[in-house]
Amino acid sequence: MFELTGKIALVTGARRGMGAAHAIALASQGATVIVTDINAKSCSSVVSQIKKSGGTADCYKLDVSNAKEVNSVISSIVKKYGRLDILVNNAGIYQTKPALEISEKDWNQTININLKGQFLCAQRAAKEMMKNNWGRIINISSVASGQVGVGIAGGAHYTASKGGVIGLTETLAIEFAPLGINVNSVAPGAIDTPMVQAAKMPKDAMAGMLAGVPLRRIGRPEEVAAAVVFLASDEASYITGTTLYVDGGWLAS
Ligand code: NDP
């Protein structure tokens with residue numbers, strides 16, 4: 001089960017954190033993985049790690065908020081590898097700021113990367129996937145997305161973008177179903193990555209947050225990557241338009 005041999009997978013924002021874990025996990029199931037990031041130089045260590053374990057990977061610079069770049073990078077990948085089967089829309093930023101202090105520039109930056117970037121990549125990737133009548137698009141949202149999820153103080157722009165990702169996922173799932181493309185989102189809870197480390201949350205605030213998580217600990221990137229592999233596989237053939245929360249039970253408590 002969860003065999004991905006022969007599949008070409010693209011992961012955005014994959015030089016570190018969860019993106020790197022998704023890339024490594026997809027490669028370990030046999031996919032050829034295209035590791036992309038706005039900062040391409042440091043993608044090479046993820047590519048080396050995959051190659052050392054016997055996998056196949058390549059690396060491209062890709063700023064997901066730039067439509068021209070999205071188009072040209074996906075065109076180059078398809079020229080080289082002949083197809084694109086799996087897209088993991090992982091790239092994202094989190095800049096904590098009280099809503100009263102968020103500037104228009106801050107707002108646009110977060111929405112452009114976290115939400116528009118996912119749309120641009122999904123739209124371009126779907127044009128390739130539909131040629132083979134098979135595709136998997138996995139959009140990374142967050143528990144910080146409102147409605148079923150939660151609001152997060154200091155993240156008005158972030159939660160708006162991640163809630164948007166869920167609406168985008170549901171709509172693309174409907175539109176792309178006739179094309180053989182399943183679109184789902186994965187919504188992580190608190191996961192130990194450079195993004196969370198950079199937020200420099202005070203110890204007692206982190207402890208307070210984790211007190212509301214039934215599993216009483218922060219998650220590991222690999223625990224989210226396992227959900228991504230599942231949704232990318234043939235075994236997830238009847239799952240589309242859904243959001244899988246990987247949150248240690250946070251939303252259940
Ligand atoms: P990281 O910050 O560790 O990794 C994100 C990567 O995306 C970085 O390498 C970053 O590069 C890159 N990136 C930023 N902007 C762009 C862009 N325009 N185009 C391409 N790449 C870009 O984050 P995480 O691993 O923690 O998060 C991964 C995803 O998971 C994000 O979408 C995040 O919102 C989501 N998430 C994270 C949670 C957590 O607890 N960690 C919880 C819920 C969701 P650079 O460093 O140069 O900016």
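Each ligand, and each atom within it, is numbered from 1 in the order the structure gives.
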Tell me which pairs pass side-chain hydrogen bond (donor to acceptor under 3.5 Å, both in side chains) where either residue lies in residues 122-131, with sequence neighbours left out. N71-R124, S75-R124, R124-E128, E128-K131

Pocket residues around ligand 1 (non-hydrogen, under 4.0 Å) come out as G13, R15, R16, G17, M18, D37, I38, L62, D63, V64, N90, A91, G92, I93, I113, I140, S141, S142, Y158, K162, P188, G189, A190, I191, T193, P194, M195, V196

Closest non-hydrogen atoms of A23 and I50, given as atom of the first, atom of the second and distance, are O-CD1, 3.8 Å

Is any side-chain heavy atom of F176 closer than 4.5 Å to a side-chain heavy atom of M130? no

Which residue pairs pass the salt bridge (charged side-chain N to carboxylate O under 4.0 Å, His left out) test with at least one member in residues 88-99, sequence neighbours excluded? K97-D106

Just by distance, do the side chain of T240 and the backbone of V183 share a donor-acceptor pair under 3.5 Å? yes

Taking salt bridge (Lys or Arg N to Asp or Glu O under 4.0 Å) as the test, write out the residues that go with R15, two or more places apart. D37

